[in-house]
Engineer: 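First, the structure itself, so that you have it in front of you.
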Amino acid sequence: MKLLKDLLYKTRLEHVVGDTNTAIEHLAFDSRLVVPFTAFIAVHGTAGDGHGFIDAAIDKGASAIICEELPATLREGVAYVRVADSRHALAIMAGNFHDHPERRLQLTGITGTNGKTSVATLLYKLFRALGHRCGLISTVEVRIGSRVVPATHTTPDPIKLNELLAAMVEAGVTHCFMEVSSHSVVQERIAGLHFVLGIFTNITHDHLDYHGTFDAYIKAKKGFFDGLPREAHALVNADDAHSAVMVQNTKAVKVSYALHNLADHRARIIEDQLTGLHMNIDGREVYSRLVGGFNASNLLAVYTGALLLGKEPVDVLTALSDLDPPPGRFQVVRGNSGVIGIVDYAHTPDALKNVLATINEVCGDRDHVLTVVGCGGDRDRTKRPLMAAIAASMSRTVVLTSDNPRNEDPMAIIGEMRRGLLEADMARVFVNADRREAIRQAVGLAGPGDVVLVAGKGHENYQEVRGERHPFDDVEVLKETLELLRK
């Protein structure tokens, strides 16, 4: 139990009506989750406005209401608090409620368009290999030590996020690595959290359906670094043209890494094959099971981040050489037919380009590459023709298919993708809205020595259609198809 007045510390109060000595046992921003002794935070959302559910929350037992606009009628026995920003207040109150658990461990945040999951997961695995009890909050999964908790968002809401961090502290976790999405910055989900390290991987075309413009998207990512404290480190990828902008206003100590540009920590690729990478990092050679230039950059970010968290270079490089890639990130699936399958989460133009560039380099050219790709429904539509154009320019054969269509018609999405194709591409681009059949079609068109890339969904084990999630796993479907090809 907490007192309301203690939970309101640093919430940008504007007006209070009622008793702030009110006892609070729960926080909620969804009126359906309110029980007695709950502080209900009314948030303006994209799908609805919590201010319209204040009376419903009180009817269910809410003893305090935190809002940006006081209701016309104030009910007896309820404390009302007007704040400047309900989203910000929600995050601050969640931290106060759990006594700021992130201050009792070392919290690292990773942001960027591509590479967030890989860097967060690799850091988690690395520090476990170095003997630490670790936590992970990622798109794929949440881990508290070795316990797995299903992930619902890249960055959870503030109440869930602080509950997870508190559970990590309770479990003896010393380091937590979490993805920080652009949405979470704009929506104040990470407000009040104390990070010791922030990592920027890159920024490319994505989420314009939410942010509206690329400049707004950049500003959202930058907001994470703007909020880092002086004692933290801000680690950025100097190979990305926007790295300097990310940290131009940060108070944290700036550190850089790069494969191609001048930086505090540098690496170069000695050899890149489907069996793994041979790299030189800060003058020392290391082998990795990961593949591709984008993973070389991810590994360098992990290496440098580990140094900033106090680890020795030799210990870090030794552990790095034994790490596997995260699920659905350039995951190689082999059969006995000579056809090689690769599943990757690449769902942005830049990510798809990076994956195909790696495959092309290993294969020698695009003539041995077949790509199965779609685009998600109810998401950034401007990237659809770009994705198709990249797939066609870097593959021998392309099968355009359904991703997670959500509430859109899959054929309409594919139609928008086709607008990015040249007339000369049409003869080698196929359309098959059934994702399973699309994968089978691509494998059937492949021969020994060919690579079939299935892009867009990666680790996901479902396909979302009209609000329902149907079981679907690219890796399993590709394995089954390659096995049938062998028979």
Side-chain angles (χ1 to χ4, degrees), residues 9-12 88 91-112 116 119-120 122-124 126-128 130-138 155 158 161-162 164-166 168-170 172-182 184-185 188-201 219-238 240 242-258 263-265 282 300-313 315-316:
Y9 180 60
K10 291 190 176 182
T11 56
R12 303 174 187 167
H88 179 267
I92 299 301
M93 291 179 71
N96 291 338
F97 188 86
H98 289 283
D99 298 319
H100 295 283
E102 88 284 355
R103 294 177 183 269
R104 286 168 277 159
L105 48 74
Q106 291 193 294
L107 179 62
T108 294
I110 302 97
T111 196
K116 294 189 299 296
V119 172
L122 291 170
L123 277 166
Y124 167 83
L126 175 71
F127 274 73
R128 277 177 61 88
L130 294 175
H132 295 278
R133 188 179 293 269
C134 300
L136 173 67
I137 301 174
S138 80
T155 310
L161 180 53
N162 278 276
L164 289 170
L165 291 169
M168 290 179 188
V169 171
E170 181 69 21
V173 166
T174 59
H175 296 75
C176 176
F177 305 99
M178 67 173 283
E179 295 184 48
V180 175
S181 67
S182 57
S184 72
V185 178
E188 298 275 8
R189 291 184 223 161
I190 61 169
L193 291 182
H194 182 86
F195 291 89
V196 298
L197 173 62
I199 300 175
F200 168 69
T201 57
K219 184 178 179 181
K221 295 288 188 186
K222 178 180 176 294
F224 170 53
F225 295 95
D226 289 350
L228 291 178
R230 294 185 184 279
E231 61 271 20
H233 285 92
L235 175 61
V236 296
N237 178 7
D240 190 283
H242 300 94
S243 60
V245 172
M246 287 294 141
V247 293
Q248 66 182 8
N249 299 118
T250 190
K251 296 184 287 290
V253 180
K254 302 174 187 177
V255 184
S256 60
Y257 68 94
D264 298 310
H265 296 272
D282 279 353
L300 180 56
V302 170
Y303 165 82
T304 308
L307 298 192
L308 295 175
L309 291 171
K311 297 304 169 187
E312 292 297 321
D315 294 337
V316 174

Engineer: Side chains of Met178 and Thr155: does their closest heavy-atom pair fall under 4.5 Å?
Structural biologist: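 They are in side-chain contact.
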Engineer: What heavy-atom pair brings His175 and Val173 nearest, and what distance separates the two atoms?
Structural biologist: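 Smallest heavy-atom distance, with atoms named: O-CG1, 3.3 Å.
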Engineer: Show, in sequence, the C-alpha distance, side-chain angles and deciding distance for His132 and Gln106, and conclude whether the side-chain contact (heavy atoms from CB on, under 4.5 Å) test is met.
Structural biologist: CA-CA 11 Å; His132 295 278; Gln106 291 193 294; over 6 Å; no
Engineer: If you take all heavy atoms of Tyr303 and Pro313, which pair is closest and at what distance?
Structural biologist: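 What the structure gives for the nearest pair is OH-CB, 3.7 Å.
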Engineer: Do Glu102 and Cys176 have side chains that get closer than 4.5 Å, going by heavy atoms?
Structural biologist: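 SC-SC contact between Glu102 and Cys176 ruled out.
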Engineer: With Ala263, which residues qualify under side chain to side chain contact (heavy atoms under 4.5 Å, CB included), at least two apart?
Structural biologist: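 Ala238, Ser256, Ala258, Arg266.
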Engineer: Take Phe177 and Phe127 through the test ring pair (Phe, Tyr, Trp, His ring centres under 6.0 Å) and record every step on the way to the result.
Structural biologist: CA-CA 10 Å; Phe177 305 99; Phe127 274 73; 5.2 Å; yes
Engineer: Just wondering, are more than 12 heavy atoms of other shown residues or ligands nearer than 6.0 Å to CD in Glu170?
Structural biologist: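 Incorrect, the count does not exceed 12.
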Engineer: Looking only at heavy atoms, which two atoms of Phe225 and Ala234 are closest? And how far apart?
Structural biologist: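 What the structure gives for the nearest pair is CD2-CB, 3.9 Å.
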Engineer: Compare every heavy atom of Ala120 with every heavy atom of Glu179, then report the nearest pair and how far apart it is.
Structural biologist: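 Shortest heavy-atom contact: CG-CB, 4.2 Å.
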Engineer: Compare all side-chain heavy atoms of Ile137 with those of Met168 and state whether any distance is below 4.5 angstrom.
Structural biologist: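 In short, these two side chains touch, coming nearer than 4.5 Å.
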Engineer: Holding to side-chain hydrogen bond (donor to acceptor under 3.5 Å, both in side chains), I want the full list of residues that pass it with His100, two or more places apart in sequence or in another chain.
Structural biologist: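 For His100, the residues satisfying side-chain hydrogen bond (donor to acceptor under 3.5 Å, both in side chains) (neighbours in sequence not counted) are Asn96.
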Engineer: With sequence neighbours left out, write down each residue that passes salt bridge (Lys or Arg N to Asp or Glu O under 4.0 Å) with Asp99, or none if nothing qualifies.
Structural biologist: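 Scan of Asp99 (salt bridge (Lys or Arg N to Asp or Glu O under 4.0 Å), adjacent residues dropped) gives Lys2.
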Engineer: Should we count NZ of Lys219 as having more than 12 external heavy atoms under 6.0 Å?
Structural biologist: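 No.
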Engineer: With the side chain counted from C-beta on, respond yes when Arg189 and Ser181 share a heavy-atom pair under 4.5 Å apart, and no when they do not.
Structural biologist: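 Side-chain contact under 4.5 Å: yes.
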Engineer: Please report the shortest heavy-atom distance between Leu228 and Ala252, naming the atom on each side.
Structural biologist: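 That closest heavy-atom pairing would be CB-CB, 3.9 Å.
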Engineer: Looking at residues at least two apart in the chain, or sitting in another chain, which of them share a salt bridge (Lys or Arg N to Asp or Glu O under 4.0 Å) with Asp282?
Structural biologist: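 Partners of Asp282 under the salt bridge (Lys or Arg N to Asp or Glu O under 4.0 Å) test: none.
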Engineer: For a 4.5 angstrom cut-off between non-hydrogen side-chain atoms, does Thr111 reach Met246?
Structural biologist: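 A side-chain contact under 4.5 Å is absent here.
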Engineer: Mind jotting down which residue pairs meet the side-chain hydrogen bond (donor to acceptor under 3.5 Å, both in side chains) criterion with at least one end in residues 222-235? Sequence neighbours excluded, please.
Structural biologist: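 Non-adjacent pairs meeting side-chain hydrogen bond (donor to acceptor under 3.5 Å, both in side chains): Lys222-Asp226, Lys222-Asn249.
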Engineer: If you measure from CD1 on Ile190 to CG on Asn162, what distance do you get to the nearest 0.5 Å?
Structural biologist: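 Answer for the CD1-CG pair, Ile190 versus Asn162, is 11.5 Å.
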Engineer: Look up atom CG in Leu308 and atom NE2 in His265, then write down how far apart they are to the nearest 0.5 Å.
Structural biologist: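 With rounding to 0.5 Å, CG (Leu308) is 6.0 Å from NE2 (His265).
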Engineer: Minimum heavy-atom separation for Pro229 and His194, please, with both atom names.
Structural biologist: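 Smallest interatomic distance, heavy atoms only, reads CG-CE1, 3.6 Å.
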Engineer: Not counting sequence neighbours, which residues clear ring-ring contact (aromatic ring centres under 6.0 Å, His included) with Phe200? List them please.
Structural biologist: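 Testing Phe200 for ring-ring contact (aromatic ring centres under 6.0 Å, His included), a comparison that skips the adjacent residues, returns none.
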Engineer: Counting C-beta onward and ignoring hydrogens, is there a side-chain heavy-atom pair between Leu165 and His98 closer than 4.5 Å?
Structural biologist: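 No. Closest side-chain heavy atoms not under 4.5 Å.
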Engineer: With rounding to the nearest 0.5 angstrom, report the CG to CG distance, Leu309 to Leu126.
Structural biologist: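 Nearest 0.5 Å value for the CG-CG distance: 9.5 Å.
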Engineer: Could you check, using the six-membered ring where one of them is a Trp, whether Phe224 and Phe195 have ring centers closer than 6.0 angstrom?
Structural biologist: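 They qualify: ring centres under 6.0 Å apart.
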Engineer: Heavy-atom count check: over 12 atoms from other residues, nucleotides or ligands less than 6.0 Å from Arg104 CZ?
Structural biologist: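 Counting other residues, nucleotides and ligands, CZ of Arg104 exceeds 12 neighbours.
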Engineer: Between Ser243 and Val236 (side chain of the first, backbone of the second, donor and acceptor by atom type, cut-off under 3.5 Å), is there such a pair?
Structural biologist: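 Answer holds: no.
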Engineer: For the atom pair NZ (Lys10) and NE2 (His88), what is the distance rounded to the nearest 0.5 Å?
Structural biologist: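 Lys10 atom NZ to His88 atom NE2 measures 9.5 Å (nearest 0.5 Å).
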Engineer: What is the distance from atom CD1 of Ile199 to atom CG of Leu235, rounded to the nearest 0.5 Å?
Structural biologist: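 These two atoms lie 5.0 Å from each other.
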Engineer: Is Tyr257 close to Thr201 at the side-chain level, that is, under 4.5 Å between some pair of heavy atoms?
Structural biologist: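 Yes - at least one pair of side-chain heavy atoms lies under 4.5 Å apart.
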